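First the structure, in the form of structure tokens, and then the observations on it.
Below, read A as the first sequence line, B as the second, and so on, with proteins coming before strands; counting in each chain starts at 1. For the numbers below, each heavy atom of this structure counts, side chains included, while hydrogens, waters and symmetry mates do not. These figures come from a predicted structure and were not determined experimentally.
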Number of protein chains: 2
Amino acid sequence: MNLLGYLSLLCYLVVICRGSGTDIALDAKATLLHRIDSLNLLIYTCLLTLTVLTIWVFKHRRVSWLHETGLAVIYGLIVGAIIRYAGSTNAVTYLDAHPEPDAKYNLSVPPDMIRFHFPDTIHIPSGEVPILNKTYAYSFRGEIVKVEQNEIDLKATFDPEIFFNIILPPIIFHAGYCLKRKYFFRNLGAILTFAMVGTALSALVIGALMYGCVQLMPASLASSFTFLDTLYFGALISPTDPLTVLAIFSQLKVDVNLYAMIFGESVLNDAVALVLSGAIQNYEKRYSNDGGFEITAFLGAIGDFIGIFSLSLLVGAFIGCLTALMTKFTHVREWPLLESALFVLMSYAAFLIAEVCELTGVVAVLFCGICQAHYTYNNLSSDSRNRTKQLFELLNFLAENFIFTYIGVSMFTFPKHHFDPWFIIAGFITSTLGRAVNIYPLSFLLNLGRKPPIPMNFQHMLFFSGLRGAMSFALAIRNTVSEARQAMLTTTSLIVIATVVLQGGAATHALAYLRIPTGEGQNDENEALPYRDVRSETSRADGGSEKARLAKLWGAVDSRLLKPLLTHARPPLTETLPTFMSPVARWLTTTHQYTQGCLFNYKFVVPEEDSGLARNQDNSLRRADSDSDLCINEPQPVPTSIDPQQMWPGLVDTRISVEGITGSNI
Amino acid sequence: MNLLGYLSLLCYLVVICRGSGTDIALDAKATLLHRIDSLNLLIYTCLLTLTVLTIWVFKHRRVSWLHETGLAVIYGLIVGAIIRYAGSTNAVTYLDAHPEPDAKYNLSVPPDMIRFHFPDTIHIPSGEVPILNKTYAYSFRGEIVKVEQNEIDLKATFDPEIFFNIILPPIIFHAGYCLKRKYFFRNLGAILTFAMVGTALSALVIGALMYGCVQLMPASLASSFTFLDTLYFGALISPTDPLTVLAIFSQLKVDVNLYAMIFGESVLNDAVALVLSGAIQNYEKRYSNDGGFEITAFLGAIGDFIGIFSLSLLVGAFIGCLTALMTKFTHVREWPLLESALFVLMSYAAFLIAEVCELTGVVAVLFCGICQAHYTYNNLSSDSRNRTKQLFELLNFLAENFIFTYIGVSMFTFPKHHFDPWFIIAGFITSTLGRAVNIYPLSFLLNLGRKPPIPMNFQHMLFFSGLRGAMSFALAIRNTVSEARQAMLTTTSLIVIATVVLQGGAATHALAYLRIPTGEGQNDENEALPYRDVRSETSRADGGSEKARLAKLWGAVDSRLLKPLLTHARPPLTETLPTFMSPVARWLTTTHQYTQGCLFNYKFVVPEEDSGLARNQDNSLRRADSDSDLCINEPQPVPTSIDPQQMWPGLVDTRISVEGITGSNI
């Protein structure tokens, strides 16, 4: 967003060219820059178009060994190589300058702008048109570390902050908005363990192992890496992005719980890794500041991590709930365009508010997306549901493919790469080990307390789904000042490319090899009916023994307080709140909520004591479940009449028949 | 797009702060800047949210005297005033600098970047932490005209180029994509006359009158305006933006031909004014360059205008047709997400290609939108139709309301306003006169050749619909270097605000006062069926005597060559092309096109010689017309069995019954 500040400055100082050769030359230069920028964007637009067309061909011909993201990376690599070796270099012109000796200035910080007198005393040999001695404005950029580094290659690269402010928010919001909440909450314990504990553990293990490896390397590299550097590398390489795997999962209708664990973990560990890397950088600052006791800085970093993560979460959730209230208590749903605009604006506001408060906007946007899907979505008109769903689906598609294309192109055009074969090999090995440390020990611990344990082949699949993606790359390219950071960027880029192309391509085979059941059930209809009685879910929540105590508590609060408050769902607050609150409850319940509920009960006559069976008989009621997925085709759950404790073993028994299906798809 | 270049530079030079007080201070400053930028965006997001909620209240309570754009302007003014008078100023720090005397530099242009040694020789009195003598990078901004102008207020303002590169393209594309082509082409002569001749005439008249007025003003102002300046003012104030009026038109179902003329003119005159103002600026450069014969420069400017306009048009149309071909000859429609992505990417590519070729991207995007709607839309799957329609509707809504909010806010916060009461008064009077000169004489001339003449009350309404809007403001704020340009910006802002709020609010009354027929027909269903036989239209085109020769020729080419080539429409090329072309024709005709056509004929059995009646009998067939509008509820045309020559007089006869309807709505 810094760009806005700089650009605003620009508009004040720019001048029309008239009357002088210098001005004409400047004007031509500005036009050229604009054209180069447009050309860069055009290159990416064409690459994305090409990717879209090739994806179509692949889908048409049922090619499954290369996912669209892998394709985007490969096209990016090809075009990057062409740009690198075919294009010309446009060097940036430099000049040294000194402040006016008698200037009045009383700050220790260098000024925002300098007024530069040119050509002043220097002699310019070229026989150009006479140059007046003019004053030009120059704005602050940053410190120059290596003064001799003059030539800067600007070809087809963008500011890394663009990823955090423009590309990642829609991707992350979409992930939150699409989260299959039913299975997400059912596997909440495992997901949180893998995402929170697992990511931290993985970062620590990778950081320690890399530090050890670096010490064994040639001295030049060893001296440039601190432990914090390798820890930062651990944090940035830990988040997974199993897009390719998930696409194959939903195509082959793989077990929903496995899907939920992999998807849920990848959504959350992006947020965790982002906040974690921020905390490591803050630690760096604190530590370098006082130079004293490290424990204080370490506790400070942990405090940072917890504080920023939970506050960002709260901001996002608050904005999500506020949107739900707005859409519940106004009749804005009668004008779907206004409603959609409100939805988009509020979601964007969550990002901005978090950024203004120095929190992490991306995390806020994730939890805002989850709340929007859980509450607001139920209040929206069907037109707005479609519109928001399709809008974010499209934005997500474009943003994702852009970032993978960029990973490919920047491999060749980004000037701050540092190829160090030892570091790259160590990176590949330790990132694999980090993933293993995340999955296997934690699965073992989880299985101690978990009623349907995570079977071994699911653990292998979780390990295999550890593809690296957008978040790792964005974190790596954010900071490329030192040689260590540049080596990290190169290694991260290579890991992302290798995992996306190779692991992604092998996912179908891995499924077959690991004998993961596929082809379960039918596609669910993606729509949720506007209203439903959540009492049926409450009763199920009480009955389902696989739910943890925390999840049960949350379920009760959600269905008794939050859903009746934030949506038109039944039972209304007048029934769930204690009697002394009834005036408030009546005030917070819409007429709609009373009548809609009655109509609903009237229509379906749900026997509440046996909702499980009623649900199976009445398919429309099932679809009325607001927890049903929004975006992804999801296999139906095993009927609830089967004992949930036996769910997974039961599925594993169907192995043989399932293998056939998988085999025929390969 | 310059922002990308600057930001890319930024990322190379930014440094992590460690080890020094200066660095910590710099880091804090960068964080602060980022927060201020986020805060600015947040202010606009909240303003838009507020506007959305108030629009809902207004629609809910059926308030018609204030349109959403008027509301956005008013909210903007209020918040702008609060920011201006409540906030603190953060001044930009400045320092003078000179180049190193012995520097080697052989260009006449100032360098892109300077390496600034700080603090070097200057003495800093504050007792801060010891400062090392470091080197910082500063990048080029522009020439400083007034050296004493140090304090720059950055509050809630953006670079004007953002309007041309981000805000206007979706608005203009949407306008093109929504154009009701049937009525647009039927009134093509009038629309082109008003938009091309009228805008140029209006610019010239306003320019000349303003120049005269300025000469009568105090000497300080008179000397700062050249004739080219006032001509530029004429060009920027001429385009109309009758959003408010059109919203009321579609609400009250006003005559479609009047609607088409006002909408069509406003869409095209934006493009004309943009290219015209560019040509005037180029003229300025040419003239100032050689200082010689003015006629050469004048002819050059006219050549510029025609060349840039028609080339931009061709680029846009070409990309639109290319998209149509892609969607026709691939089966990408089976994957609507890919199809929508392709559509969006191609439309954006039209903008970028035009910008890369130094043409006008906005104009290209307009004609790309028209072609997308005319051809590509027919090939899209229904999911993609909905998605693209809703996407651009939403983008247009947000962009439009943003720009009007910004007009309000910038009235107070933009630092380059220059209030000159005489210039403002003159501006209001001449812009009204300019609109009159555009409408009345040209209507008179048009009526000489036009079969159903434009009645006087329609002319008054055309005159009344001359609201100024987004394009005028964007052109005015693009360049605020001289005092003359600043006075223009202030006057333009005030004219936009006054016309949008006052004229927009009075539009319903004006309709009633001018006895314009309202409440015509029923809403058309907005959907077009996928395929249709265009032969029926061809026959109607031949029969309708209101069509000009040019329009007839175009209609024949369109229905015999372009539509069969670019869409799945019947008759296929095998029937329309001469026999020696039949191999090519067969190659360019899809199986789909043959079978679909047969199916269609089989279903509806259209007697081709009497398509007019058949259309009225079979409503589904009418909806199959690909010329039906996409976005706006449109009154049905008068049945074609009535002689089109008597269409308007016939409508005027219904005056009395219609007035009642209007009255009851006020």
Item to check | Structural part of Leu337(B) lying under 4.5 Å from a heavy atom of chain A | outcome: both
Item to check | Interface residue of largest heavy-atom contact number with chain A, from Ile55(B), Leu394(B), Asp383(B), under 4.5 Å | outcome: Leu394(B)
Next on the checklist: Determine whether Leu391(A) and Gln390(B) satisfy the following criterion, side-chain contact (heavy atoms from CB on, under 4.5 Å), listing intermediate values before the conclusion.
Outcome noted: CA-CA 8 Å; Leu391(A) 172 73; Gln390(B) 293 184 339; over 6 Å; no
Checklist entry - If you count heavy-atom pairs under 4.5 Å between each of Met346(A), Arg387(A), Met326(A) and chain B, which one has the most? => result Arg387(A)
Checklist entry - Quick one: do Glu355(B) and Arg35(A) make a salt bridge, cutoff under 4.0 Å? => result no
Next on the checklist: Tyr348(B) and side-chain contact (heavy atoms from CB on, under 4.5 Å): which single residue from Leu398(A), Thr49(A), Leu41(A), Leu48(A) fits?
Outcome noted: Leu41(A)
Item to check | Side chain / backbone / both / neither for Glu339(B) at chain A, heavy atoms under 4.5 Å | outcome: neither
Checklist entry - Got a donor-acceptor contact below 3.5 angstrom from the Trp56(A) side chain to the Thr330(B) backbone? => result no
Checklist entry - Would you call Glu334(B) and Lys59(A) a salt bridge, using N to O less than 4.0 angstrom? => result no
Checklist entry - What orientation do His60(A) and Trp335(B) show, parallel under 30°, tilted 30 to 60°, or perpendicular over 60°? => result perpendicular
Checklist entry - Between Ser38(A) and Leu352(B), what is the shortest heavy-atom contact and its length? => result O-CD2, 3.9 Å
Checklist entry - Using non-hydrogen atoms only, which part of Ile353(B) is less than 4.5 Å away from chain A: side chain, backbone, both, or neither? => result both
Checklist entry - Can you say whether Val57(B) sits under 4.5 Å from chain A via the side chain, the backbone, both, or neither, judging by heavy atoms? => result neither
Next on the checklist: Let's test your reading of the structure: which of Asn401(B), Leu39(B), Val52(B) forms the most heavy-atom pairs below 4.5 Å with chain A?
Outcome noted: Val52(B)
Next on the checklist: One pair to check against side-chain contact (heavy atoms from CB on, under 4.5 Å): Val356(B) and His34(A). What are the steps and the verdict?
Outcome noted: CA-CA 8 Å; Val356(B) 169; His34(A) 176 75; over 6 Å; no
